[in-house]
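Notes for the one structure printed next.
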Amino acid sequence: MDSERRGLGRSAARGGMVVLGGQGVRILVQVASVVVLSRLLTPRDYGLVAMVLAVVAVAEIFRDFGLSTAAIQAKALTRAQQSNLWWLNAGLGLALALLAVAAAPLIAALYDEPALTALTMAMAGMFVLNGMAAQYRADLTRRLLFTRLAAAEVAAPLLALATATYAAANGAGYWALVVQQVVQSAVALTFAGLLAGWLPGRPRRGVEMAGFLRFGWSLAGTQLINYAANHIDSVLIGTRLGAHELGTYNRAWQLLMTPLGQLRAPTTTVALPVLSRIRDDPALTQLFVQRGQVALGYSLGAGLGLVAGAAAPVCALLLGPAWDVAGIVALLACAGLFQTLAYVGYWVYLAHGLTTELRHYTLVASALKVVCVVAGVQYGVTGVAVGYATAHLLEWPLSLWWISRRTQLRVGPLYLGAARILLVAGTVAASAYATAQALDGQHPGVTVPVCVMAGAAAYALLLVVPPIRRDVMSLVVTVRGALTRKLSRD
């Protein structure tokens, strides 16, 4: 048993390094996409595409139906079950694509934008492509083949960005963004299928599928609720303030929240198969979750603090002077920090199969988010960002308490860990902000590096606090061990 635990720990550490490395490349591609395309396209271009995504992308939840996660966390998965799951995802993708095509005129009418009819029809093809790729990605994750998964997830956005840049430079306008979405889905399917190394067999009757469907349906319900709450801001801005304002808000979101999601999502990819195997050991689960919170908080949390403090020069450097989104980015960075504090609880829900309990919590959290965002939209896009950040400020302690009532996870150490993370992030943010203010008027290419150095110096000074020093040393040991094992294996 001890050797098995050590093996899982090594796999998780190696997998975390590989996946995070791949995501690091994806983040660079995402930032490059924001930097390059924001200079070739207008806020209205982004707003029109965001209007479509805010409505039709909800179909992605039904397209997957939670079956990818069901396959990953299952204790046993036969090839017949895997093939049936592939056909289910592909069939759902096709059905939803046809539904999106039929609903295209209604979406255009919702926003009073005739151009959305053709846009929606063109983007419907993503459902089919993503449906066919879902079980390939799940299989690579289940088998802990993180290097292959990372290769597939890096190639897709890179090739899609190249295609979109060419299209935008040649006057394609918002169609360049549509091309980017479709090409990314097509390349992801191709790479994932080739790297998984199998083709689905024909659908079979008499194969036990009820457990997968129950898990998937419950998880899909939770994801649907969460999706509606997370996208109420885009829908409200689009319908009440128009495409230009939505495009402005979308640039801030794409600059910060999309890369943040890309960084956090792979941690679930690594944590879910490991936690699923140790879920019957409360002590080991507690240790894994606490270390996961430290890893996320002292890396992503500190980075978000830096972005919040230096939002003005960061936005000027990456987007140029035409995009006035620094205040929105700073608020979204705060929201992202609060999300990160509680993210480890999501791992536990999935690993323990607590999809019903997760749905109940999501209903409460989503209602809170909707109330805050609806109140904020009265004051424009900045008001929406304030509402979004306020909702997550109120949610994160509730989320940790909720999971502690459903499992044997002790919430006290997680609250203390979150408090230390907030101290680190707040100190880094204050240092970066003071530096940005002192260098006001300087070129952002000078200001941003100086803000980074100031934030790093503030981070280093906090190491005199013993609990923070222990947390950082734990993180360093984990990363060093993962690198050493990976190099020795290579």
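FYI, the numbering just counts along the sequence from 1.
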Q: Would you mind reporting whether Met123 and Leu53 have side-chain heavy atoms less than 4.5 Å apart?
A: yes
Q: Determine the minimum heavy-atom distance between Val377 and Val374, stating which atoms define it.
A: CG1-O, 3.3 Å
(Q) Determine whether Thr447 and Cys451 satisfy the following criterion, side chain to side chain contact (heavy atoms under 4.5 Å, CB included), listing intermediate values before the conclusion. (A) CA-CA 6 Å; Thr447 305; Cys451 287; 3.9 Å; yes
Q) Is the number of heavy atoms from other residues, nucleotides or ligands under 6.0 Å of Asn170 CG greater than 12? A) yes
Q.
Taking Arg44 first and then Glu245, would you say they form a salt bridge - that is, a charged N and a carboxylate O separated by under 4.0 Å?
A. no
Q.
Quick check against the 3.5 Å criterion: does Arg39 have a side-chain atom that pairs as donor or acceptor with the backbone of Val35?
A. yes
Q: Over 60° means perpendicular and under 30° means parallel, so classify the ring planes of Tyr346 and Tyr343, tilted if in between.
A: tilted
Q | Minimum-distance pair of heavy atoms, taken over all atoms of Asp233 and Val373 | A | CA-CG1, 3.8 Å
Q) Above 12 or not: heavy atoms from other molecules or residues under 6.0 Å from OH of Tyr298? A) yes
Q.
Using every non-hydrogen atom in the two residues, find where Ala335 and His392 come nearest and quote the distance to one decimal.
A. O-CB, 3.9 Å
Q.
Within the structure provided, determine whether Tyr136 and Trp86 are in side-chain contact (heavy-atom separation under 4.5 Å).
A. yes
Q) Of all heavy-atom pairs between Trp396 and Ala342, which one has the smallest distance, and what is that distance? A) O-CB, 3.9 Å
Q | Closest non-hydrogen atom pair, Ala385 against Leu331 | A | CB-CD1, 3.7 Å
Q.
How close do Leu306 and Ala432 get, counting heavy atoms only, and between which atoms?
A. CD1-CB, 3.7 Å
Q) So, do Trp253 and Tyr388 have ring centers that fall under 6.0 Å from each other? A) yes
Q: Kindly say whether Ala454 contributes a backbone atom to a donor-acceptor pair with the side chain of Ser431 at under 3.5 angstrom?
A: yes
(Q) A quick test of your reading: do over 12 heavy atoms of other residues, nucleotides or ligands sit less than 6.0 Å from CZ of Phe338? (A) yes
**Q.** Ser33 versus Gln180, side-chain donor and acceptor atoms under 3.5 Å
**A.** yes
Q | 4.5 Å side-chain heavy-atom contact, Val364 and Leu398 | A | yes
Q) Any donor-acceptor pair under 3.5 Å linking the side chain of Thr390 with the backbone of Val386? A) yes
Q. Would you say the side chain of Leu96 lies within less than 4.5 Å of the side chain of Leu99, judging by non-hydrogen atoms?
A. yes
Q) Do the side chain of Gln293 and the main chain of Leu414 share a donor and acceptor less than 3.5 angstrom apart? A) yes
**Q.** Val34 and Leu318, any side-chain heavy atoms less than 4.5 Å apart
**A.** no
Q. Can any side-chain N or O of Asp45 pair as donor or acceptor with the backbone N or O of Thr42 at less than 3.5 Å?
A. yes
Q. CZ of Arg405 to CH2 of Trp401: how many Å apart, nearest 0.5 Å?
A. 4.0 Å
Q) Can you tell me how far OG1 of Thr248 sits from CD1 of Ile328, rounded to the nearest 0.5 angstrom? A) 7.0 Å
Q. Angle class for the Tyr46/Trp323 ring planes (parallel below 30°, perpendicular above 60°, tilted otherwise)?
A. perpendicular
Q | Minimum side-chain heavy-atom gap Leu241-Leu246 below 4.5 Å | A | no
